[in-house]
Amino acid sequence: MRVVIIGGGAAGMSAASRIRRLKGDAEIIVIERTNIISHAPCGIPYFLAGFFDNFELFMHYTPDYFSSVRKINVRLGETVVEVGEGYVITSSHNKFDWDYLVLAVGASPSIPNVPIEGEHVVTIHHPADAIRIRELLNASRRIGIVGTGYIALEVAEAARFRGKDVVMIGRSGYPLRKSLDEDMGKYVIDELIKHGINLRFNERLLEINRDSDRQVIITDSGKYEVDLVVLATGIRPNIELAKQLGLRIGETGAVWVDEHMRTSHEHVYAAGDIAETRHAITNKPYWHPFGTTANKMGYVAGSNIAGFSMRFPGVAGTSMTRFMNLYIATTGLTERDARSYGFKPASTVIKSRIRARYYPGGGDVIIKLIIDENSHRILGVQVIGDDGSYVLGKVNTIAGLILKGATVEDLFFTDMAYLPAVTQVWDPLIIAARQFLKS
């Protein structure tokens with residue numbers, strides 16, 4: 001059996017490794033357009049900030065490891081230019097036949113449809129570009145970031161660590177609008193302002209041009225001269241090869257797959273940022289382009305190709321980021337989205353100390369818990385605090401409960417550990433749940 005995998009990122013290498021483990025005699029070929037595989041794009045902002053310098057740390061495993069230890073034929077620097085029934089052709093004019101094909105080609109930055117000029121306009125997406133972007137960042141004094149999502153916040157942090165002036169421009173009225181409700185977004189605004197970010201929200205980008213030695217960002221409300229522009233305006237799935245094969249494209253614009261990660265073609269699978277899944281709460285098509293999801297999708301695809309039946313159950317939509325001293329994590333639906341899906345959301349926001357009041361140190365955590373007023377089912381949570389591990393633990397707890405369809409009563413009676421040094425006897429999540437049990 002020959003399996004060709006297009007894309008050597010998280011999903012592709014996870015699929016390759018799983019096939020090798022379950023089917024030792026399979027021939028596995030991975031075709032990757034860049035010179036690195038098994039890479040970690042989430043590390044780019046920290047590379048820009050100077051937290052590490054070793055470029056190889058972007059890779060979980062090297063190409064040599066996959067070739068020599070796992071006996072996977074890794075082809076670097078090749079781009080698949082044509083895909084058809086049972087074959088692919090690369091930019092190096094190599095043709096590979098396949099019995100099974102895995103599309104793991106990820107996503108690409110979504111570029112605003114406006115005039116853009118100048119060489120100092122970049123996107124943050126693939127580690128292969130990280131060295132060049134860091135050189136540009138280091139040579140710049142003022143950075144303009146277009147966008148208000150996760151990448152925008154993390155690049156803003158990196159730029160401030162480097163002592164740069166930062167202006168952040170976005171159409172929305174507050175940061176992380178897709179993940180947070182406005183009342184929680186205000187806490188992020190406060191942190192951005194506290195650390196000197198010039199916020200220009202509710203402004204629509206019209207043009208980016210070059211004027212002498214500076215880039216000029218023009219919006220419907222202002223004009224901003226900067227040395228470097230970072231476009232952090234989202235991503236889109238790379239579905240071009242899928243279209244060549246005539247595969248079904250899902251409602252989200254990503255490739256449709258069943259719960260086994262199989263596409264509309266019996267022997268073609270898709271995994272990672274290219275693939276659509278379902279949301280655990282709405283059971284509607286959902287696109288969740290994050291590395292944690294990509295790894296699991298690849299694992300499931302590889303298992304099924306190797307003959308071991310496994311299903312991908314969907315996602316709760318869990319994600320996390322930080323800006324300076326503020327950690328932000330969410331899962332499930334925002335109150336706004338819950339209403340749009342026909343739920344009757346009820347919410348509570350509580351602020352609590354992390355540790356027992358007599359134990360030294362510790363900060364605060366702010367939790368917004370959202371439930372359905374009719375069924376009491378947990379719909380989502382938004383957690384903000386200055387202790388990353390604590391915030392992580394709270395959002396992961398709710399994510400697990402959401403995947404099981406739990407109610408607020410289930411949360412209240414969840415048997416959580418207690419130690420004064422790390423939490424309170426009334427855990428903040430339990431306090432939040434308790435607010436709905438008063439009637």
Side-chain angles (χ1 to χ4, degrees), residues 42-51 124 137 142-203 224 226 228 230-234 290 318-331 334-336 347-355 361-370 380-396 398 428-429 432:
C42 293
I44 297 174
Y46 307 109
F47 181 76
L48 299 181
F51 291 176
I124 309 296
L137 178 67
R142 193 164 194 240
I143 314 300
I145 300 174
V146 181
T148 58
Y150 290 100
I151 292 297
L153 261 66
E154 291 169 8
V155 172
E157 178 188 76
R160 293 300 290 144
F161 270 122
R162 291 289 193 180
K164 312 301 180 181
D165 294 331
V166 178
V167 55
M168 182 181 292
I169 302 164
R171 290 182 301 174
S172 64
Y174 63 95
L176 303 177
R177 187 178 183 277
K178 290 184 178 180
S179 301
L180 298 176
D181 288 308
E182 186 172 5
D183 52 354
M184 296 294 279
K186 290 178 180 178
Y187 293 102
V188 184
I189 288 177
D190 291 344
E191 188 73 8
L192 289 165
I193 293 173
K194 175 183 173 182
H195 289 278
I197 306 298
N198 179 7
L199 302 179
R200 311 301 302 180
F201 292 159
N202 295 307
E203 295 193 21
Y224 310 96
V226 299
L228 176 66
V230 177
L231 293 176
T233 48
F290 288 88
T318 310
S319 57
M320 184 172 179
T321 190
R322 83 164 197 189
F323 178 78
M324 297 298 187
N325 300 317
L326 202 67
Y327 293 84
I328 309 119
T330 69
T331 191
T334 62
E335 195 170 1
R336 177 187 63 253
S347 67
T348 186
V349 178
I350 64 109
K351 185 174 181 180
S352 173
R353 281 182 51 80
I354 288 176
R355 300 173 182 171
D364 295 321
V365 66
I366 302 161
I367 295 176
K368 179 172 185 175
L369 181 65
I370 305 163
V381 76
Q382 299 163 34
V383 187
I384 294 177
D386 54 13
D387 185 316
S389 297
Y390 195 88
V391 169
L392 177 70
K394 299 311 166 194
V395 78
N396 283 346
I398 298 300
L429 286 178

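Because the structure is predicted, anything quoted here is derived from the model rather than measured.
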Does R162 CZ have over 12 foreign heavy atoms under 6.0 Å away? yes

Show your working on side chain to side chain donor-acceptor pair (under 3.5 Å) between Y187 and Q382 and close with a plain yes or no. CA-CA 12 Å; Y187 293 102; Q382 299 163 34; over 6 Å; no

Measuring only between side-chain heavy atoms, which start at C-beta, is N198 closer than 4.5 Å to D165? no

Could you state the interatomic distance from CE (M184) to CD1 (I367), rounded to the nearest 0.5 Å? 8.0 Å

State, with a plain yes or no, whether a side-chain heavy atom of I44 is found less than 4.5 Å away from one of E154. no

Flag the pair L429 / L369 as yes when at least one side-chain heavy-atom distance between them is below 4.5 Å, and no otherwise. no

Close side-chain approach of Y150 and S179, heavy atoms under 4.5 Å: yes

Can you tell me which residue among V381, D183, V383, T330 is in a side-chain contact (heavy atoms from CB on, under 4.5 Å) with K368? D183

Looking at A159 and V166, what are the two nearest heavy atoms and their distance? CB-CG2, 3.6 Å

Would you compute the distance between atom CD1 of I197 and atom CD1 of I189 and round it to the nearest 0.5 angstrom? 13.0 Å

Would you call K164 and L137 a side-chain contact if the rule is heavy atoms closer than 4.5 Å? yes

Return the CZ to CD1 distance between R200 and I145, rounded to the nearest 0.5 Å. 15.0 Å

Inter-residue atom distance I169.CD1 - T148.OG1, 0.5 Å rounding: 11.5 Å

